[in-house]
Amino acid sequence: MAVPGRHQVINALAAAAAMDACGISWDAILSGLAHYIGAGRRMERKGEINGATVYDDYGHHPTEVKATLEGAKALCKASNPDGRLLCVFQPHTYSRTASLYPQFLAAFDAADTVLLLDIYAAREVNTYGVSSEGMAADVNAATPDKALYCPTPAEAAEAVRRLARPGDSVVIMGAGDVIKVTASLFA
């Protein structure tokens, strides 16, 4: 399959079982899976920066983030054993960030470097006392120098330009205006 990650394998198996139950031939099922390139903003390949492959992903829940980064790490290492995985992440809403904070900290395990943008507020006001700057500090407390706080999409894009090198993979993730990072990189 052209999409990485254990979660994608599980999705493919479920789709194959459903198609089989509908009477679709296994030749057609296998052909369909072989030609599936994924959905928009789900590990969508956007291009290269400094020889690093850049992907865009909508994941914004820690379970999605973790699964996507694990798949991205496997893909990165398969193409270049020395390649690093850089994750640009923008948390979505203060309430989600606060309620899932420990899960978010663990979601970045597969990444070598995490660039954290300010939390995308959507409709909320920060009454929770959470921040991406604090999250970066907590990630670094567990793994020194792993996280960088980049408040704006422009600062995150500049950090990607500075850090990315040939053989790396960069995953830009989130549901807010994190897409401006990708737009800035390829403008």
Side-chain angles (χ1 to χ4, degrees), residues 3-8 10-11 37-47 49 52-73 75 85-143 146-164 169-187:
V3 290
R6 182 176 183 273
H7 62 294
Q8 296 288 8
I10 293 167
N11 289 342
I37 59 169
R41 294 218 61 224
R42 291 295 187 184
M43 278 298 286
E44 181 180 2
R45 189 180 190 287
K46 299 306 264 185
I49 296 293
T53 306
V54 178
Y55 299 91
D56 181 48
D57 193 88
Y58 182 73
H60 56 282
H61 184 280
T63 304
E64 295 170 318
V65 172
K66 184 175 183 63
T68 299
L69 292 178
E70 286 172 352
K73 183 72 165 197
L75 180 68
L85 176 60
L86 285 68
C87 173
V88 178
F89 181 70
Q90 181 182 46
H92 190 260
T93 72
Y94 300 111
S95 58
R96 175 181 288 126
T97 304
S99 68
L100 299 172
Y101 196 82
Q103 294 92 326
F104 274 117
L105 296 180
F108 304 117
D109 287 349
D112 295 296
T113 301
V114 181
L115 310 175
L116 291 163
L117 280 76
D118 277 334
I119 296 169
Y120 188 77
R123 66 207 166 272
E124 297 183 344
V125 174
N126 189 4
T127 60
Y128 302 89
V130 295
S131 70
S132 292
E133 187 173 18
M135 187 181 286
D138 289 341
V139 169
N140 286 334
T143 308
K146 180 173 183 154
L148 298 170
Y149 171 57
C150 300
T152 68
E155 289 172 87
E158 183 52 40
V160 169
R161 285 186 196 94
R162 188 176 67 251
L163 295 170
S169 292
V170 179
V171 180
I172 300 169
M173 306 183 81
D177 63 359
V178 69
I179 58 174
K180 291 179 180 177
V181 176
T182 307
S184 176
L185 289 172
F186 296 103

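Just so it is clear, the structure is predicted and the values come from calculations on it, not from any experiment.
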Heavy-atom closest pair (A157 atom, S184 atom, distance to 0.1 Å) is CB-OG, 3.6 Å
Got a second to check how far Y149's OH is from N140's CG, nearest 0.5 Å? 14.0 Å
Rounded to the nearest 0.5 Å, what separation is found between the CG atom of L148 and the CD atom of E133? 12.0 Å
For T143, check side chain to side chain donor-acceptor pair (under 3.5 Å) against everything at least two apart and list the hits. none
Working to the nearest 0.5 angstrom, can you tell me the gap between R162 CZ and E155 CD? 10.0 Å
Determine, stepwise, if the pair K66 / D109 fulfils side chain to side chain contact (heavy atoms under 4.5 Å, CB included). CA-CA 8 Å; K66 184 175 183 63; D109 287 349; 4.0 Å; yes
The criterion is side-chain contact (heavy atoms from CB on, under 4.5 Å); which residues satisfy it with T182, sequence neighbours excluded? K46, D56, I172, F186
Set out, in order, the CA-CA distance, both residues' side-chain angles and the distance that settles side chain to side chain contact (heavy atoms under 4.5 Å, CB included) for S169 and M43, then state yes or no. CA-CA 11 Å; S169 292; M43 278 298 286; over 6 Å; no
Assign the ring pair F104 / F108 to parallel, tilted or perpendicular, where the plane angle (0 to 90°) is split at 30° and 60°. parallel
Can you confirm whether V125 sits close enough to Y94 that some side-chain heavy atom of one is under 4.5 Å from a side-chain heavy atom of the other? no
What's the spacing between Q90 CD and S132 OG if we round to 0.5 Å? 7.5 Å
Between K146 and V114, is any pair of side-chain heavy atoms under 4.5 Å apart? yes
Does the side chain of F89 come within less than 4.5 Å of V171's, by heavy atoms? no
Do V181 and L117 have side chains that get closer than 4.5 Å, going by heavy atoms? yes
Grab the two heavy atoms, one from A110 and one from L85, that are nearest each other, plus how far apart they are. O-CD2, 3.8 Å
Nearest-0.5 Å distance that lies between atom OG1 in T68 and atom OH in Y58: 13.0 Å
Minimal heavy-atom distance between C87 and A111, with the atoms involved, is CB-CB, 4.0 Å
Under the side chain to side chain contact (heavy atoms under 4.5 Å, CB included) criterion, do L115 and L163 qualify, and how do the steps go? CA-CA 11 Å; L115 310 175; L163 295 170; 4.0 Å; yes
Stepwise side chain to side chain contact (heavy atoms under 4.5 Å, CB included) test for L86 and D112: CA-CA 6 Å; L86 285 68; D112 295 296; 5.7 Å; no
Backbone N/O of H60 and side chain of E64: donor-acceptor pair under 3.5 Å: yes
Residue pair M173 / L69, side-chain heavy-atom distance below 4.5 Å: yes
Does the distance from a Lys or Arg side-chain N to an Asp or Glu carboxylate O, for K73 and E70, drop under 4.0 Å? no
Side chains of Y101 and M135: closer than 4.5 Å at any heavy-atom pair? yes
Close side-chain approach of I119 and N126, heavy atoms under 4.5 Å: no
